[in-house]
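All remarks here apply to the structure that follows.
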Number of protein chains: 2
Amino acid sequence: MKTKTRSEAATLPLNQILAGDCIEVMNALPEESIDLIFADPPYNLQLRGDLHRPDNSKVDAVDDAWDQFDSFRIYDDFTRDWLKAARRVLKPNGAIWVIGSYHNVFRLGAELQNQGYWILNDVVWRKSNPMPNFRGKRLTNAHETLIWASKNEAAKYTFNYEALKALNEGIQMRSDWVLPICNGGERLKDENGEKAHPTQKPEALLHRLLVGTTNPGDVVLDPFFGTGTTGAVAKMLGREFIGIEREEKYRVVAEKRIASVRKYDREALAVSASKRAEPRVPFGQLVERGLLRPGEELVSMNGRSKAKVRADGTLIAKDVKGSIHQVGAHLEGAPSCNGWTYWTFRRDGKQVPIDVLRQQIRAEMQ
Amino acid sequence: MKTKTRSEAATLPLNQILAGDCIEVMNALPEESIDLIFADPPYNLQLRGDLHRPDNSKVDAVDDAWDQFDSFRIYDDFTRDWLKAARRVLKPNGAIWVIGSYHNVFRLGAELQNQGYWILNDVVWRKSNPMPNFRGKRLTNAHETLIWASKNEAAKYTFNYEALKALNEGIQMRSDWVLPICNGGERLKDENGEKAHPTQKPEALLHRLLVGTTNPGDVVLDPFFGTGTTGAVAKMLGREFIGIEREEKYRVVAEKRIASVRKYDREALAVSASKRAEPRVPFGQLVERGLLRPGEELVSMNGRSKAKVRADGTLIAKDVKGSIHQVGAHLEGAPSCNGWTYWTFRRDGKQVPIDVLRQQIRAEMQ
DNA sequence: TAGCTGCTTGAATCTTCGA
DNA sequence: ATCGAAGATTCAAGCAGCT
């Protein structure tokens, strides 16, 4: 429901980047004036020493002062204060998005709930090209979490169901979004050719989020504006924005960036169109899902070789262990081998190619 | 490292389902006795019906703010208590997995951090066949979140990196896991043909998690056992389990289920080992055994550097002496260098990595 | 032009052993 | 506990430069 009046619009500093601490600046804005907030607060990463890639190059870490907090207590105080200020400026039917990683997102989500925000969805941004875990000590940190919440349980939040369905090729939009990280030409550089901001978010993410949860003309506030992805996408999509940013160097970059953006840029729309490739199905999934059991015997298509399945999705044959491809290649004395078509399993007295099981999983994924 | 003693094993009720409240039962177990905890705590506590404030006055159900606030407080108290009891029984190098949705996972994650657990990853279980959002008012809730945390920051948690990489067909396992929900034949039914438990987890999820973060023989505790997916998969994979479940009807179903499970054979349970687990072989042994001769020349993998082997197993290059690692790092101007993969020697006219010789010695050690 | 190789880079709580 | 040394460890993209 649009309730914006002329006088209210006049007092709002629309399409500007405001300098200063976001809490103070938000408290100076009129209450109940904002339709949507997008907030990408500091993550409070707690990094110890340097990290090198296996090729010995050094990882350019987020070591900025603005990401340093001395304790959870201090981070929680900070979170409480800015979320409270944010809630004051939200319209009664307003909503908020916050983004974070496991370092901070649980603090964010709990505090949202404590303040009476009503969580609508948590959304997973699955990165198609995340940075690997170079030391092999944990899982690849391949996602970040967004929380979408309305001001309270009763709020009539904006949700453009059909628009998102259209973006998703006619299928209901899910809570996991596969999008690449921001790099290439979209990644803003400073005068030295270094990245202008360590954590610039991709425009595709904001595009989907603004298309789905705002209407044209809505006022979108970003209290941690950085280099202004929110403002740039809002402008493209015909939404009004208000940015707040403490650091001058980021404001300068953002101003320039947004000035060069044109509304309804068709290229920006193209960014969000995701192409669908045939999903890769690791052989291990057949084992995890119980389609093949550890210890089960596979026989080669030509009937000459046998191997046993192991719990981690590798095979073991007479004198070799490895993937279905490696073991097949070794047994045939070939440089390579497509294990999917080489190996068969026994089902109802017949030998069936394991590729049948892969097809089955792919069908489920549709 | 297994440190289980006979007396400890004797006092642990292995491979049993214990009846009762999980906090009381955990407090009756010996401390520091559990390798891994998997917990799927309830979150629909149905508090709205009979909610009391801490001072025992009944909450006015009309007052939404009070209702929410007290709900969270009670849930947080519950979470704090069971996580504390869980932490007591964990071995110093133990770890925990918890699973939840946006309703409760932020409370879980924040409390884990508050108690000193150290989050290793948050993992998204991306459901390949979720229930659609029928009313079209929100995104399809297509995932649940798991948190993997060690007992504390210093803990040497178990992580079978190579096994998970193998499960994912040679690519590092990511933090987003695509797996189907539990249905079909795997879904347990009660005598009326109704599902026996509302939130039965798929065995594939537990398979991946147990293969990745436990070793055969480890003790896995599930304080919210339900119909025993954890126990069933633990048994298959040769892990010990302890289940705790309050409701008799679930215990009955779980007992029957686990009794019908068979453990995979030993060979199938072996997983791809990490190189770190292999015995250490000093470079000097290659010289002592005559696999390399003092004075023999080594050439770097990239062909740009040379060094000579000395009798004590150090190398000497143009302006540097030291270990294979030190000399390699110095010549490359790198912070570190794995000399085993950096240096090659000449054999039959070809350059061969010295790591081949290490493998040879390791093979002899078997 | 299209295709290939090689280099660079990304919100990262990223080692372990023995003296 | 602290310190030094051994040694284990990466995936997907974009882009430049070349054929």
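Chain identifiers are assigned alphabetically (A, B, ...) following the order of the sequence lines, protein sequences preceding nucleic acid strands; residue numbering begins at 1 within each chain.
- Remark: the separation of the C1' atoms in C:dC14 and D:dC11 is 15 Å, to the nearest Å.
- Heavy atoms of A:Val105 sit nowhere under 4.0 angstrom from any nucleic acid atom.
- For A:Lys137 and D:dA8, a side-chain-to-base donor-acceptor distance below 3.5 Å is absent, hydrogens and geometry of angles not being considered.
- When heavy atoms are screened at a 4.0 angstrom cut-off, A:Glu194 is found touching no nucleic acid atom at all.
- Backbone-only contact: B:Arg276 has heavy atoms under 4.0 Å from sugar-phosphate atoms and none from a base.
- A:Trp148 has its ring centre no less than 6.0 Å from the ring centre of A:Phe38.
- In this structure, A:Asp40 reaches the bases: a heavy-atom distance under 4.0 Å links it to at least one base atom across the strands shown.
- As judged by a 4.0 angstrom heavy-atom cut-off over every strand, A:Pro130 is placed among the base-contacting residues.
- Counting heavy atoms from C-beta on, the side chains of A:Trp125 and A:Pro202 come closer than 4.5 Å.
- Residues A:His103 and B:Trp118 place their aromatic rings such that the two centres sit no closer than 6.0 Å.
- B:Phe283 comes within contact range of no nucleotide atom at all, as no heavy-atom separation falls under 4.0 Å.
- Between A:Tyr250 and A:Trp66, the ring planes lie perpendicular to each other; the angle is over 60°, past the 30° to 60° tilted range.
- Within 4.0 Å of A:Pro202, counting heavy atoms only, lies no atom of the nucleic acid at all.
- Using a 4.0 Å heavy-atom cutoff across all strands shown, A:Gly49 reaches at least one base atom of the nucleic acid.
- At a threshold of 4.0 angstrom between heavy atoms, the contacts of A:Asn141 are confined to the sugar-phosphate backbone, with no base atom among them.
- Looking at heavy-atom distances under 4.0 Å, B:Arg358 makes contact with sugar-phosphate atoms alone, never a base.
- Of the candidates C:dG10, D:dA6, C:dA11, the closest approach to any side-chain atom of A:Arg53 belongs to C:dG10.
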